[in-house]
Amino acid sequence: MTAGNAVQTSSLGEQILGRINALAAISEEAGKLTRVYLSKELREAAELILGWMREAGMNAHLDAIGNVCGRYEGEQAGAPCLMLGSHYDTVRDAGKWDGPLGVITAIACVADLNRHGKRLPFAIEVVGFADEEGVRFASTLLGSRAVAGTFDEGVLNTRDREGVSMRDALITFGLDPDHVGAAARARRELLAYLELHIEQGPVLEAQDLPVGVVSAIAGATRLAARLTGMAGHAGTVPMALRRDALTGAAECIGAIEEFCRTDANGLVGTVGYIHATPGATNVIPGEVSFTIDVRAPTDMHRKRAVGEIVRRIEAIAGRRQLVLQIDVTHENRTAPCAPWLKEQIAQAIDAQGFSVFELPSGAGHDGMAMIDVADVGMIFVRCRGGISHHPAEHVELADVDAGARVLLRVVENFRPRECHLSPQVTG
Ligand code: GLV
Ligand code: MN
Ligand code: MN
């Protein structure tokens, strides 16, 4: 690499970092980063990203589900596109890199092409997906599912914890819930979907590598459980006569942890939310809701584990005379990355002077939904200590640069798969 290029790429990294910080300043909660789907702050963030897309030479718009979409035409207008993206919603009290890094780096790559007046034989589209985290409504990957054409309209009637339906939230955001289908894209319009994302785990750091090639995104199942017992007076009901929903939930949570902890093959289970009612110091809890998130390296392993977890919870509920309702709110199978895209990513990593290292993703990504409409490839960037979904999430500037250089190289050298090479018409 020439010294001139080095200066160029370093400023690319600094620009990305500046924008990461600008986006992180848009939050629902003072002193924390929280930006959930269809919030006022998500809308504010969308406007900022749309401005960056236009500045990079793209036509940009908000689509029917709230995704920010930018298009940089190729040598010929209307050509199929290489789609780049990630998400711009966050978990509660989030780190600033999970999602935005992929969106901002993709825009920076397009800006670089635009600055050099460079057009490619295909278009580039950048998408910032509006809901990947699934924090607000029970379902997740809502933005990418809408683009992939697999959005479940039934989700429109689900309500957030304040009782606001997704349908109403879309209207408040300025979108029409009856036209979500308009966000869907056809397979023939997309040459591939590529995402750059922080690893969210410690493997690249242990390997002393700034970037890696993702082999597959692990599947996930999310469940919502509700235990109903009998509320009562904390001073008068003897312990043996209680049907306490909260102590029942505590036993269930302990059983889930025990079951996953004793699995030697990478099973993980998390209860990340719990709510007890009526919620008073001197009242025995009558009803408790909690969520369960289960992931494993293979779909078969995860499905078996979910079955066993449900059986154990049923047994606990039965023994404690609690009524159990348990529903699957989200299910995604494992998404393998396409070998031809892995190869092009590996070549770009090698060309940048880094060792090529392949690793699976334990975290979920928009590619899990996009695989229904395009082949998927992912580049991981090292993050400090593997910490994510936490404000201490951090990426070194040099690694931001490395990721951006790799993504730019993949884009500039991108070769569509054989089956895409015949002349195509979009529409
Ligand atoms: C998304 O970050 C997930 O893996 O839950
Ligand atoms: Mn993410
Ligand atoms: Mn996340």
Would you say Thr158's side chain and Val155's backbone share a donor-acceptor pair under 3.5 angstrom?
-> yes
Describe, in one word, how the ring planes of Phe414 and Trp340 are oriented to each other, choosing from parallel (under 30°), tilted (30 to 60°) and perpendicular (over 60°).
-> tilted
In Val376, Ile379, Ile345, the residue satisfying side-chain contact (heavy atoms from CB on, under 4.5 Å) with Leu194 is Ile345
Find the distance between CG (Asp168) and CZ (Arg159) and round it off to the nearest 0.5 Å.
-> 7.0 Å
Determine whether the side chains of Asn413 and Gln344 contain a donor N or O and an acceptor N or O closer than 3.5 Å.
-> no
Side chains of Glu393 and Ser388, donor plus acceptor under 3.5 Å = yes
Tell me yes or no: between the side chains of Thr334 and Asp299, is some donor less than 3.5 Å from an acceptor?
-> yes
Quick one: NE2 on His61 to CG on Asn67, what's the gap to the nearest 0.5 Å?
-> 8.5 Å
After noting the C-alpha distance and the side-chain angles of Arg382 and Ile198, does the key distance pass the side chain to side chain contact (heavy atoms under 4.5 Å, CB included) rule?
-> CA-CA 6 Å; Arg382 164 171 60 189; Ile198 58 164; over 6 Å; no
If every non-hydrogen atom of Ala276 is compared with every non-hydrogen atom of Val288, which pair is closest and at what distance?
-> CB-CG2, 3.8 Å
Leu38 vs Leu170, side chain to side chain contact (heavy atoms under 4.5 Å, CB included): CA-CA, chis, key distance, verdict = CA-CA 7 Å; Leu38 298 177; Leu170 278 164; 3.8 Å; yes
Would you say the side chains of Arg222 and Asn332 form a donor-acceptor pair under 3.5 Å?
-> no
Distance only, no hydrogens: is a donor on one side chain within 3.5 Å (strictly under) of an acceptor on the other, for Gln352 and Asp350?
-> no
Taking only distance into account, with no hydrogens and no angle test, what donor-acceptor pairs under 3.5 Å do side-chain atoms of residues 244-258 form with protein atoms, sequence neighbours excluded?
{"from": "Asp244", "atom 1": "OD1", "to": "Leu246", "atom 2": "N", "distance (Å)": "2.8"}
{"from": "Asp244", "atom 1": "OD1", "to": "Thr247", "atom 2": "N", "distance (Å)": "3.1"}
{"from": "Thr247", "atom 1": "OG1", "to": "Asp244", "atom 2": "O", "distance (Å)": "3.2"}
{"from": "Thr247", "atom 1": "OG1", "to": "Arg320", "atom 2": "NH1", "distance (Å)": "3.1"}
{"from": "Glu251", "atom 1": "OE1", "to": "Arg320", "atom 2": "NE", "distance (Å)": "2.7"}
{"from": "Glu251", "atom 1": "OE1", "to": "Arg320", "atom 2": "NH2", "distance (Å)": "3.0"}
{"from": "Glu251", "atom 1": "OE2", "to": "Arg319", "atom 2": "NH1", "distance (Å)": "3.3"}
{"from": "Glu251", "atom 1": "OE2", "to": "Arg319", "atom 2": "NH2", "distance (Å)": "2.7"}
{"from": "Glu257", "atom 1": "OE2", "to": "Arg261", "atom 2": "NH2", "distance (Å)": "3.0"}

Is there a donor-acceptor pair closer than 3.5 Å between any side-chain N or O of Thr90 and the backbone N or O of Arg35?
-> yes
Atom SG of Cys69 and atom CE of Met83: how far apart are they, to the nearest 0.5 Å?
-> 7.0 Å
Full working for side chain to side chain donor-acceptor pair (under 3.5 Å) between Ser39 and Glu28 | CA-CA 8 Å; Ser39 58; Glu28 293 161 41; 3.2 Å; yes
Can you check whether Met370 reaches Val373 side chain to side chain, under 4.5 Å on heavy atoms?
-> yes
May I ask you to decide if Val381's main-chain N or O and Asp399's side chain share a donor-acceptor pair within less than 3.5 Å?
-> no
Do other residues, nucleotides or ligands put more than 12 heavy atoms under 6.0 Å from the CZ atom of Arg54?
-> yes
Please name the pair of heavy atoms, one in Ala317 and one in Leu324, separated by the smallest distance, quoted to 0.1 Å.
-> CB-CB, 4.0 Å
Just by modelled atom types, is the Ala338 backbone N or O under 3.5 Å from a matching donor or acceptor in the Asp375 side chain?
-> no
Is a donor on one side and an acceptor on the other found under 3.5 Å between the side chain of Ser27 and the backbone of Glu29?
-> yes
Would you say Ser86's side chain and Gly99's backbone share a donor-acceptor pair under 3.5 angstrom?
-> yes
Let me have the donor-acceptor pairs involving side chains of residues 123-131, under 3.5 Å, with sequence neighbours excluded, atom names and distances please.
{"from": "Glu125", "atom 1": "OE1", "to": "Arg185", "atom 2": "NH1", "distance (Å)": "2.7"}
{"from": "Glu125", "atom 1": "OE1", "to": "Arg185", "atom 2": "NH2", "distance (Å)": "3.4"}
{"from": "Glu125", "atom 1": "OE2", "to": "Arg71", "atom 2": "NH1", "distance (Å)": "2.7"}
{"from": "Glu125", "atom 1": "OE2", "to": "Arg185", "atom 2": "NH2", "distance (Å)": "3.1"}
{"from": "Asp131", "atom 1": "OD1", "to": "Gly134", "atom 2": "N", "distance (Å)": "3.2"}
{"from": "Asp131", "atom 1": "OD2", "to": "Leu141", "atom 2": "N", "distance (Å)": "3.3"}
{"from": "Asp131", "atom 1": "OD2", "to": "Leu142", "atom 2": "N", "distance (Å)": "3.1"}

Are any non-hydrogen side-chain atoms of Leu191 and Arg417 less than 4.5 angstrom apart?
-> no
Could you tell me which non-hydrogen atom of Trp52 sits nearest to which non-hydrogen atom of Ala22, and how far apart they are?
-> CZ2-CB, 4.1 Å
Closest heavy-atom pair and its distance - Gly362, Arg295 | O-NH1, 3.5 Å
Side chains of Asp93 and His389: is there a donor and an acceptor less than 3.5 Å apart?
-> no
His365-Tyr193 aromatic ring centre distance below 6.0 Å | no
Salt-bridge test for Glu55 and Arg19: reply yes if a basic N is under 4.0 Å from a carboxylate O, no otherwise.
-> yes
Between Arg311 and Glu308, is there a salt bridge with N-O shorter than 4.0 Å?
-> yes
Side-chain contact test, heavy atoms from C-beta onward, threshold under 4.5 Å: evaluate it for Pro100 versus Ile20 and give yes or no.
-> yes
Enter the distance from Cys109:SG to Arg405:CZ here, rounded to the nearest 0.5 Å.
-> 11.5 Å
Residue pair His197 / Asp366, side-chain donor-acceptor N/O under 3.5 Å = no
Rounding to 0.5 Å, atoms CE (Met368) and OG (Ser361) come to a distance of 8.0 Å
Are Arg161 and Tyr273 in a cation-pi contact, defined as NZ or CZ under 6.0 Å from the six-membered ring centre and within 45° of the axis?
-> yes
Contact check, side chains of Cys383 and Trp97, non-hydrogen atoms, under 4.5 Å = no
Could you tell me whether Lys40 and Glu44 have a side-chain N and a carboxylate O separated by less than 4.0 Å?
-> no
Side chain to side chain contact (heavy atoms under 4.5 Å, CB included) assessment of Leu82 paired with Leu120 | CA-CA 10 Å; Leu82 168 61; Leu120 300 169; over 6 Å; no
Quick check: are there more than 12 heavy atoms from other residues, nucleotides or ligands sitting under 6.0 Å from NE2 of His179?
-> no
Between the side chains of His330 and Asp293, is a donor N or O closer than 3.5 angstrom to an acceptor N or O?
-> no
If only atom types and distance count, is the side chain of Arg119 paired as donor or acceptor with the main-chain N or O of Glu73 below 3.5 Å?
-> yes
Would you name the heavy atoms of Phe122 and Pro80 that are closest together and state the gap between them?
-> CB-O, 3.6 Å
Would you say the side chain of Val36 lies within less than 4.5 Å of the side chain of Glu133, judging by non-hydrogen atoms?
-> no
Mind listing the closest non-hydrogen atom pair of Ser165 and Leu156 along with its distance?
-> CB-O, 4.1 Å
Within the distance-only criterion (no hydrogens, no angle test), does the side chain of Asp152 pair as donor or acceptor with the backbone N or O of Gly154 below 3.5 angstrom?
-> yes
May I ask you to check whether over 12 heavy atoms, not counting those of Asp327, lie within 6.0 Å of atom CG?
-> yes
Rounded to the nearest 0.5 angstrom, the CZ-OH distance for Arg136 and Tyr37 is 9.5 Å
Is it true that a side-chain atom of Gln15 and a backbone atom of Leu12 form a donor plus acceptor pair closer than 3.5 Å?
-> no
Checking His116 side chain against Lys118 main chain: does a donor-acceptor pair fall under 3.5 Å?
-> no
Cut-off 3.5 Å, side chains only: do Gln347 and Arg415 have a donor facing an acceptor?
-> yes
